**Q** 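Take this structure, written in structure tokens, and hold onto it; I'll ask about it next.
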2 protein chains.
Amino acid sequence: MSSITRPSPARPSATRDLILDALETLLLEGGSSAATLEAVATRAGVSKGGLLYHFGSKEALYEGFLARLRTSAAQEAARTRNASQGLIAAYLDVSTVPDDPGTRSVLAALRLVGVQEVDVEAALADTFESWYAVIAQEIADPTLARLVQLVGDGLYLHALIGSARPEADQLVIARIIELVAESR
Amino acid sequence: MSSITRPSPARPSATRDLILDALETLLLEGGSSAATLEAVATRAGVSKGGLLYHFGSKEALYEGFLARLRTSAAQEAARTRNASQGLIAAYLDVSTVPDDPGTRSVLAALRLVGVQEVDVEAALADTFESWYAVIAQEIADPTLARLVQLVGDGLYLHALIGSARPEADQLVIARIIELVAESR
DNA sequence: GTCTATAATCGGATAGAC
DNA sequence: GTCTATCCGATTATAGAC
């Protein structure tokens, strides 16, 4: 019966994702003030009106972005969970790679912290939480697990402000791996 | 000769600091979008025109804020350097206290990351750098020093998104202290 | 030094054609 | 589903009185 012409407005359409990609890129380039509806639309190759068909307001746009962040982070965490070996190293490494899709989304979301329209903080907290679950599965000692998480988050913060130190950070990661090995 | 009526516009006046305090508070409460010139002026108890006498533009206002961040962070680092004993614990503890004046300024600045007008990232990088210098003075092993810094920055990030875990984080801090002690 | 207009611009959102 | 045109409110910045 319900073969509606207009697809359920909350579901993946090609344009929807293009728009969210454009938003992400603009957030990374110039923060939330650069991400005007006009700019996002243009970057996505549609008009402002076209964008507003998919996301009825700026708030809806932000919510769409955070929804995608949550689901993709959860998926990535699940995938990593199975990869199992070298999990900690992989987790810490990815935090230092600004080109990784997951890292890009998190860094973009970090630039959205503080906006009125949506609760970015909660979405990020959930994201970090889903990764902590993966870490905790590998490290029995909860204090050490939290320590690993905090180092990873520190790496994110440095990626955010562009003050990473690749060589030093690799040594830190190696040291962490040692600590984890000793704890078993 | 030059006994100008108007004080050198870049120097501390009571109102100037009130305005910067107001900006800081508004950034913490509602992010950069909440910090309009009007809102900042009202919060500081002056009119928009009054504010613009001290800071000729929004960019100038932001620069004033970052300048104060740099100098106060440098001063705090210098002070801590002399306190010397329990330095690492103090450094990590303060990262978890959102009421500490220094922490407040850093968190406010973090909410400014990505704005067009000024280079917030560079100011924050300098701030973190001045603390690293203090840490490195206490910890001979540079890898361990960086690890301590990363944990501290992870704590900042969690303070930013409101996902700190006071008990767990205290245990992590205790563990770090042990690691530092062992390394001597 | 501080205030009250006021100008100029920009961003979000609606209406309606195609 | 996408576009153009338009409206409206908010925001930065200026001008000039006190």
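In what follows, every chain begins at residue 1, and chains take the letters A, B, ... in the order their sequences are listed. This is a predicted model, so every value here is computed, not measured.
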**Q** What is the distance, to the nearest angstrom, from the CZ atom on A:Phe55 to the C1' atom on D:dG1?
**A** 14 Å
**Q** Hey, does the side chain of B:Thr15 come within less than 4.0 Å of C:dT2's phosphate (OP1/OP2), counting only N and O?
**A** yes
**Q** Where is the tightest heavy-atom contact between A:Leu69 and A:Ser105, given as atom of each residue plus distance?
**A** CD1-CB, 3.8 Å
**Q** D:dT11 C1' sits how many Å from B:Glu59 CD, rounded?
**A** 16 Å
**Q** Hey, mind stepping through A:Leu61 and A:Leu20 against side-chain contact (heavy atoms from CB on, under 4.5 Å) and telling me if it holds?
**A** CA-CA 8 Å; A:Leu61 175 63; A:Leu20 293 180; 4.0 Å; yes
**Q** If you only use heavy atoms from C-beta on, which nucleotide in D:dT12, C:dA13, C:dC3 is closest to the side chain of B:Leu37?
**A** D:dT12
**Q** Once you round it to whole Å, what is the distance between C1' of D:dT12 and CG of B:Leu61?
**A** 12 Å
**Q** What's the CG-P distance between B:Leu51 and C:dC3, to the nearest Å?
**A** 10 Å
**Q** 5'-most contact on DNA chain C: A:Gly49 or A:Ser33, nearest heavy atom basis?
**A** A:Ser33
**Q** Could you work out which one of D:dT12, C:dC3, C:dT2 sits closest to the side chain of B:His54?
**A** C:dT2
**Q** Nearest to the side chain of B:Lys58 - D:dC3, C:dG11, D:dA13?
**A** D:dA13
**Q** Rounded to the nearest 0.5 Å, how far does CD of A:Glu76 lie from CH2 of A:Trp131?
**A** 6.0 Å
**Q** Between D:dA13, D:dC3, C:dT2, spot the one nearest the side chain of B:Ser47, thanks.
**A** C:dT2
**Q** Between A:Lys48 (NZ) and C:dA15 (P), how many Å, whole number?
**A** 15 Å
**Q** In whole angstroms, how far is the P atom of C:dG11 from the CD atom of A:Gln116?
**A** 17 Å
**Q** When you get a sec, tell me which of D:dT12, C:dA13, C:dC3 is the closest nucleotide to the side chain of B:Val46?
**A** C:dC3
**Q** Donor-acceptor pairs under 3.5 Å, side chain of residues 148-159 of chain A to any protein atom, not counting sequence neighbours: which ones?
**A**
from     : atom 1 : to       : atom 2 : distance (Å)
A:Gln149 : OE1    : A:Arg146 : NH1    : 2.8
A:Gln149 : NE2    : A:Phe128 : O      : 3.3
A:Asp153 : OD2    : B:His158 : NE2    : 2.4
A:His158 : ND1    : A:Ser163 : O      : 3.4
A:His158 : ND1    : A:Ser163 : OG     : 2.7
A:His158 : NE2    : B:Asp153 : OD2    : 2.4

**Q** Please state how far atom CG in B:Leu18 lies from atom C1' in C:dT2, giving the value in whole angstrom units.
**A** 14 Å
**Q** Ignoring backbone atoms, test whether A:Tyr53 places a side-chain nitrogen or oxygen under 4.0 Å from the OP1 or OP2 oxygen of D:dG1.
**A** yes
**Q** Could you tell me whether A:Leu52 contacts a base, only the sugar-phosphate backbone, or nothing, with contacts defined as non-hydrogen atoms closer than 4.0 Å?
**A** base
**Q** Check this for me, if you would: do A:Glu121 and B:Arg111 make a salt bridge, where the nitrogen-to-carboxylate-oxygen distance has to be below 4.0 angstrom?
**A** yes
